[in-house]
A.B. asks: 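This is the structure I have questions about; it appears just below.
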Amino acid sequence: MTVFLLFTATVLIWGTSWIAIAFQLGDVPVLVSIFYRFALAAIVMIVGLVLLGRLKLPNVWRFVVLQALCLFSFNFICFYNATGLIPSGLVSVVFSLASIFNAVNARLIYKERISPRVISAGFIGVSGLLLLFWNDLFARFDMNSLRGVAWACGGTMLFSLGNMVSRKNTSVGVTPITANAWGMGIGSVVLLALIWGSGTSIIIPTGATYLGALVYLSVIGSVVGFTTYLLLVQNVGSAKAGYATVVFPLIALLLSTLFEGYEWTGTAFIGVALIVMGNFVMFTKPKGLKRSSAPA
């Protein structure tokens, strides 16, 4: 039951956070919105850890800083810009291919072998992505859609690199919770520096929709979402926890259809189906490949 609740919470939070990003777009500049999000998330997480007596200083800071750049600042600049150009549900579908990005980056950074299963999943997923955006990119060549896909892919790549850095943090004894708490704080400082350096105006939001989305993304999407996912990984392992990426894009697409007027086409249906299939191939090992635990 605990695993079911953690999985359901992770899927619902990740599936709904994309439409909340769309609700933040408008009068408040992107940099400022992301700064508000992670400044509030960092305060909530650090104060919470202090109250629980679990706040620790990282014994190695350089990887925490890198994680902040990849997971709590620059990647969300990409995702917010992507959401301004294409429906939020489509951004979530691109993000669901993060596992394939992870396999490629693990090969480049850690020299891990890419299995035929990963290659197959990548081919199926990329084929689905092309079909999903077929009308926008090929039938009528919408430049905004092309830029949106590029932003979404850039954000997913940075997220994947953040996962690689997270492995470094773990290897030097910095737990994910510690790295996330301080990383969110560092990310918000980086964003504030970008706001100051670019001369971006800091606008104080007053709209109920914006403020509700901000609180949801900061507390539920960032703090609770990361925590439930990490607990899920702790209970069932990263491979099975990765099934969340199969399900949450479907929720995001449903919300995008309801609130953003996303219009489905035949090629879009096939594309989403292929991407979901690619994720299944990525996370499902054939039984014949499992090692037998019985003695020879």
Side-chain angles (χ1 to χ4, degrees), residues 10 14 34 38 58-79 81-82 91-129 149-187 189-191 194 222 225-226 229-230 232-234 236-246 248 275 278-285 289:
T10 300
W14 284 5
I34 306 171
F38 284 108
N59 53 345
V60 177
W61 280 95
R62 62 181 181 276
F63 297 126
V64 176
V65 173
L66 285 174
Q67 185 169 322
L69 297 177
C70 292
L71 291 184
F72 306 122
S73 53
F74 287 107
N75 65 318
F76 277 98
I77 292 174
C78 293
F79 288 135
N81 279 297
V91 179
S92 77
V93 174
V94 177
F95 176 75
S96 74
L97 297 174
S99 57
I100 297 169
F101 283 74
N102 284 345
V104 173
N105 285 326
R107 170 61 181 171
L108 295 175
I109 297 171
Y110 295 108
K111 310 302 180 185
E112 294 182 358
R113 185 178 68 88
I114 299 180
S115 68
R117 176 168 52 87
V118 173
I119 295 173
S120 299
F123 178 78
I124 296 171
V126 171
S127 299
L129 195 63
V149 174
W151 277 114
C153 287
T156 305
M157 173 59 76
L158 286 169
F159 175 83
S160 175
L161 291 174
N163 288 338
M164 300 301 107
V165 176
S166 180
R167 291 175 58 174
K168 287 288 189 182
N169 275 321
T170 301
S171 69
V172 296
V174 180
T175 65
I177 290 179
T178 298
N180 287 345
W182 292 108
M184 288 178 185
I186 294 169
V189 172
V190 170
L191 290 162
L194 290 174
S222 299
F226 272 104
Y229 178 71
L230 291 173
L232 185 63
V233 171
Q234 180 179 312
V236 300
S238 59
K240 290 183 179 179
Y243 277 110
T245 64
V246 179
F248 80 75
I275 291 170
N279 278 316
F280 269 116
V281 171
M282 182 72 187
F283 292 110
T284 305
K285 284 187 178 182
L289 294 180

A.B. asks: Do the side chains of Ile109 and Leu161 get nearer than 4.5 Å, heavy atoms only?
C.D. replies: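 Yes. Closest side-chain heavy atoms under 4.5 Å.
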A.B. asks: Quick check against the 3.5 Å criterion: does Asn169 have a side-chain atom that pairs as donor or acceptor with the backbone of Thr175?
C.D. replies: no
A.B. asks: Please round to the nearest 0.5 Å and tell me the distance separating atom CE of Met157 and atom CG of Asn102.
C.D. replies: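 That separation rounds to 9.5 Å.
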A.B. asks: Looking at side-chain heavy atoms only, is the closest gap between Trp61 and Val174 below 4.5 Å?
C.D. replies: no
A.B. asks: Looking at Phe101, Phe76, Phe79, which one forms a ring-ring contact (aromatic ring centres under 6.0 Å, His included) with Phe95?
C.D. replies: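 Of all the options given, the one that passes is Phe79.
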A.B. asks: In Å, rounded to the nearest 0.5 Å, how long is the span from SG of Cys78 to CD1 of Ile34?
C.D. replies: 9.0 Å
A.B. asks: Kindly determine whether Asn180 and Gln67 satisfy side chain to side chain contact (heavy atoms under 4.5 Å, CB included), including the steps that lead there.
C.D. replies: CA-CA 8 Å; Asn180 287 345; Gln67 185 169 322; 3.0 Å; yes
A.B. asks: Does Phe72 reach the side chain of Ile186, with side-chain heavy atoms less than 4.5 Å apart?
C.D. replies: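 With C-beta onward as the side chain, the pair stays apart.
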A.B. asks: Between Asn81 and Ile77, which heavy-atom pair has the shortest distance, and what is it?
C.D. replies: ND2-O, 2.7 Å
A.B. asks: Among residues at least two apart in sequence or on other chains, which ones pass side chain to side chain donor-acceptor pair (under 3.5 Å) with Thr10?
C.D. replies: Thr228
A.B. asks: Side chains of Phe38 and Leu71: does their closest heavy-atom pair fall under 4.5 Å?
C.D. replies: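 Contact flag for Phe38/Leu71 side chains = no.
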A.B. asks: A side-chain contact here means heavy atoms from C-beta on lying under 4.5 Å apart; do Ser92 and Phe248 qualify?
C.D. replies: yes
A.B. asks: Could you report the tightest heavy-atom contact between Ile100 and Ala121, atom names first, then the distance?
C.D. replies: CD1-O, 3.6 Å
A.B. asks: Okay, side chain of Tyr110, backbone of Met164: is any donor-acceptor separation there less than 3.5 Å?
C.D. replies: yes
A.B. asks: Restricting to side chain to side chain contact (heavy atoms under 4.5 Å, CB included), what partner residues turn up for Leu108, sequence neighbours left out?
C.D. replies: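 Residues passing side chain to side chain contact (heavy atoms under 4.5 Å, CB included) with Leu108: Val104, Asn105.
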A.B. asks: Grab the two heavy atoms, one from Gly183 and one from Val64, that are nearest each other, plus how far apart they are.
C.D. replies: N-CG1, 4.0 Å
A.B. asks: Quick one, Phe74 with Leu194, criterion side chain to side chain contact (heavy atoms under 4.5 Å, CB included). Give me CA distance, side-chain angles, the key distance, then yes/no.
C.D. replies: CA-CA 10 Å; Phe74 287 107; Leu194 290 174; 3.8 Å; yes
A.B. asks: Which pair of heavy atoms, one from Ala98 and one from Thr156, lies closest together, and at what distance?
C.D. replies: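 The pair with the smallest heavy-atom distance is CA-CG2, 3.7 Å.
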A.B. asks: So, the side chain of Ser73 versus the backbone of Gly187: is there a donor-acceptor pair under 3.5 Å, distance only?
C.D. replies: no
A.B. asks: Is there a donor-acceptor contact under 3.5 Å from the side chain of Ser127 to the main chain of Phe123?
C.D. replies: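 Yes, the answer is positive, given that a donor and an acceptor are paired below the 3.5 Å cut-off.
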A.B. asks: Can you see which heavy atom on Ala152 is nearest to which on Val94, and at what distance?
C.D. replies: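 Nearest pair, atom of Ala152 first, then Val94: CB-CG1, 3.8 Å.
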A.B. asks: For Arg167 versus Glu112, what's the shortest heavy-atom pair and its separation?
C.D. replies: NH2-OE2, 2.6 Å
